[in-house]
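A quick write-up on the structure given underneath.
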Amino acid sequence: MQMTEVYDPFDPAFQADPYPAYAWLREHDPVHHHAGTSIAPSFWALTRFDDVWDAVRRPEDFSSASGLTFYRDEIGQLGLAPTIVMLDPPIQTQLRGLIGRGFTPKRIAALEGDIRRFARERLAEVAEKAAAGEIVDLHQDYSTTIPTYVLASLLGVPAADRARFDPWVSTLTALQESGFSSAALAGAEAVTEMFEYFAALIQDRREHPTDDLVGALVNAEVDGQRLSDWDILGFCFVMVAGGNDTTGSLISHSVMLLGADPDQRSLLLEDPSLIGNAAMECLRLESSVQALARTTTRDVTVAGTTIPKGEKVLMLFGSANRDEKEFGATADRLDVRRLIPRQLGFSSGPHFCVGNHLARLQATVALQELLAAQPQIGVDLTAAQRHQSAFTRGWITLPATGVQ
Ligand code: HEM
């Protein structure tokens with residue numbers, strides 16, 4: 001059997017465990033050409049760490065401006081100006097500088113106490129649920145609640161509007177299964193409602209300056225340049241679409257990996273200061289963003305194979321992050337003490353995740369509190385259900401075990 005036939009990112013069986021196919025591709029076909037399907041034309045896939053690392057850092061050859069999936073129409077019909085993640089330098093660089101003015105390490109660090117308090121409240125509910133004999137869904141009852149709460153607070157969504165915010169997030173999470181195709185987005189009322197809501201919020205912040213992130217973005221200025229309403233709206237969209245389920249999945253995957261490896265879990269229980277590094281190790285092993293595309297701007301040769309101009313090329317972060325050439329013979333194994341000077345869980349280069357500090361803080365606090373309250377927690381994979389997505393790796397439901 002040709003393993004290349006097994007590499008089918010649309011196949012739920014592949015999505016359930018993509019790692020054997022990735023390993024085969026890295027070894028035998030590192031610059032893989034996929035013939036495509038009726039819903040997605042042909043594309044290429046880079047699977048080795050060095051090749052992906054190099055490509056994402058060369059936006060002049062591997063552009064983001066034609067979208068991040070292998071669907072070809074994803075930008076045109078969105079009805080939204082391209083967001084930061086779908087722009088190339090130099091425009092993207094300018095936007096990023098402005099966004100950095102609002103998204104400061106200080107603003108992120110200030111959230112820690114609030115995240116911890118919120119996590120403890122959720123854990124009290126989790127314990128009550130278990131005491132009442134109900135099944136605890138780790139993903140829905142705990143992991144995803146944290147990023148949704150944090151993002152709503154960060155964006156300055158008032159508590160009274162929180163009930164509206166949650167369905168927008170779940171709609172966007174569900175839409176990721178379509179790779180955010182324009183048709184799916186256009187059909188989603190929740191998305192239109194979210195845009196309208198944020199447009200009004202931005203307008204309000206222009207009239208009444210505030211200290212929250214949207215208030216800071218409205219006032220951000222670099223070399224006399226300011227962000228337009230569209231820029232801020234696009235940024236809110238990328239944060240809600242890209243910062244929620246990714247973070248929730250990281251927390252859930254970390255519990256899954258620790259549950260399967262009691263020795264590694266013991267290390268964290270003995271020394272909780274390792275938890276921050278452990279979260280990054282879990283992101284490496286189970287990358288929430290498995291793959292995103294670029295489009296070649298000219299004929300480009302990678303590892304001896306020439307990819308013609310105008311082709312979609314998938315950056316398989318999930319494969320690169322398990323490359324033995326980068327991470328050694330134990331690349332497939334959890335090692336909470338591993339030194340990780342670089343990885344691709346947050347990409348690299350100009351689009352390196354703006355929210356990486358926030359994601360790491362949330363995962364660290366969520367795991368610290370969880371392990372302190374529920375040291376024996378694990379997951380029941382037989383009753384779990386994954387999202388079907390060629391691009392992200394996450395859960396719909398993940399029942400917990402060992403909750404007291
Ligand atoms: C574990 C959680 C997260 C993961 C795995 C993740 C992953 C990523 C990846 C892979 C990219 C790069 C896209 C590319 O190369 O084309 C990215 C970009 C981005 N992320 Fe995250 N992200 C996470 C959390 C967050 C959070 C919490 C936020 C904000 C609240 C956020 C905001 C963004 C933004 C705005 C970009 C676009 C940056 C740009 O294009 O310059 N992310 N993220």
Side-chain angles (χ1 to χ4, degrees), residues 46 52-53 55-59 62-69 82-100 102-104 107-108 111 115 143-144 146-155 157 169 172 176 180 213-214 217 227 231-254 279-295 313-318 320-321 343-364 366-367 391-394:
L46 305 187
V52 177
W53 180 265
V56 290
R57 296 164 73 87
R58 279 166 56 198
F62 293 93
S63 164
S64 296
S66 300
L68 303 176
T69 73
T83 59
I84 181 167
V85 78
M86 291 185 190
L87 288 167
D88 290 329
I91 297 176
Q92 183 263 351
T93 321
Q94 208 177 35
L95 262 183
R96 182 111 180 183
L98 282 161
I99 279 164
F103 219 79
T104 55
R107 190 182 296 279
I108 303 308
L111 294 168
I115 300 173
S143 308
T144 62
I146 293 171
T148 310
Y149 170 78
V150 170
L151 216 56
S153 318
L154 192 68
L155 287 169
V157 176
V169 172
L172 281 175
Q176 76 186 13
F180 295 119
L213 180 64
V214 175
L217 292 176
L227 290 163
D231 294 335
I232 300 176
L233 201 55
F235 184 55
C236 291
F237 174 75
V238 176
M239 285 199 289
V240 177
N244 265 301
D245 206 49
T246 45
T247 309
S249 299
L250 171 58
I251 298 166
S252 289
H253 276 128
S254 303
M280 292 303 96
E281 168 72 344
C282 292
L283 181 66
R284 181 188 73 78
L285 272 175
E286 291 286 359
S287 305
S288 310
V289 180
Q290 288 281 303
L292 287 175
R294 298 291 193 260
T295 302
V313 187
L314 271 195
M315 307 289 137
L316 287 188
F317 301 127
N321 273 340
Q343 63 150 306
L344 282 157
F346 291 122
S347 187
S348 184
H351 292 283
F352 179 65
C353 177
V354 170
N356 74 91
H357 293 297
L358 179 59
R360 182 178 167 143
L361 176 68
Q362 292 182 74
T364 304
L367 290 170
F391 309 102
T392 57
R393 188 159 175 77

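For ligands, and for the atoms within them, numbers begin at 1 and follow the listed sequence.
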Record the part of [X] in heavy-atom contact with ligand 1 below 4.0 Å; permitted values are side chain, backbone, both and neither.
| X | result |
| --- | --- |
| Arg294 | side chain |
| Ser249 | neither |
| Leu87 | neither |

Please verify whether a non-hydrogen atom of [X] lies at under 4.0 Å from ligand 1.
| X | value |
| --- | --- |
| Ala363 | no |
| Leu292 | yes |
| Gly345 | yes |

Give the residue, atom name and distance (to 0.1 Å) of the protein heavy atom nearest [atom].
| atom | result |
| --- | --- |
| atom 40 (O) of ligand 1 | His351 ND1, 2.6 Å |
| atom 37 (C) of ligand 1 | Val85 CG2, 3.9 Å |
| atom 35 (C) of ligand 1 | Phe235 CE1, 3.3 Å |
| atom 30 (C) of ligand 1 | Leu151 CD1, 3.3 Å |

Distance filter under 4.0 Å to Met239 heavy atoms, resulting ligand 1 atoms: 29 (C), 30 (C)
Proximal atoms of ligand 1 relative to Pro350 (non-hydrogen, under 4.0 Å):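 It comes down to these atoms of ligand 1: 41 (O).
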With a 4.5 Å heavy-atom cut-off, do [X] and [Y] have their side chains touching?
| X | Y | result |
| --- | --- | --- |
| Leu314 | Phe391 | yes |
| Leu87 | Leu95 | yes |
| Ile146 | Thr247 | no |
| Leu292 | Val85 | no |

Residues that Phe346 engages under ring-ring contact (aromatic ring centres under 6.0 Å, His included), provided they are two or more places apart: none
Show your working on side chain to side chain contact (heavy atoms under 4.5 Å, CB included) between Leu213 and Met239 and close with a plain yes or no. CA-CA 12 Å; Leu213 180 64; Met239 285 199 289; 3.5 Å; yes
So, is Gln92 polar-close to ligand 1, with some N/O to N/O distance under 3.5 Å?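 Yes - when backbone and side-chain N and O of Gln92 are compared with those of ligand 1, one distance drops under 3.5 Å.
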Within-cut-off N or O pair, Arg96 and ligand 1, under 3.5 Å: yes
Does Ser254 have any side-chain hydrogen bond (donor to acceptor under 3.5 Å, both in side chains) partners at least two apart in sequence or in another chain, and if so, which?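 Listed in chain order: nothing, the list is empty.
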Listed partners of Ser153 passing side-chain hydrogen bond (donor to acceptor under 3.5 Å, both in side chains), at least two apart: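 Here no residue qualifies.
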Check the pair Val354, Arg96 against side chain to side chain contact (heavy atoms under 4.5 Å, CB included), reporting the backbone distance first and the verdict last. CA-CA 8 Å; Val354 170; Arg96 182 111 180 183; 3.4 Å; yes
Identify the residue among Val157, Leu154, Leu155 that makes a side chain to side chain contact (heavy atoms under 4.5 Å, CB included) with Val214.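 For Val214, the side chain to side chain contact (heavy atoms under 4.5 Å, CB included) check succeeds only for Leu155.
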So which heavy atom on Phe317 is nearest to which on Ser347, and how close? CZ-OG, 3.8 Å
N, O or S atoms of the protein lying under 2.8 Å from atom 21 (Fe) of ligand 1: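 Listed by chain and number: Cys353 SG.
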Side-chain donor/acceptor of Arg294 to backbone N/O of Val313, under 3.5 Å: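 No; judged by distance alone, with no hydrogens or angles, the pair does not exist.
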Quick one: does Asp88's side chain have a donor or acceptor within less than 3.5 Å of a partner on Ser64's backbone? yes
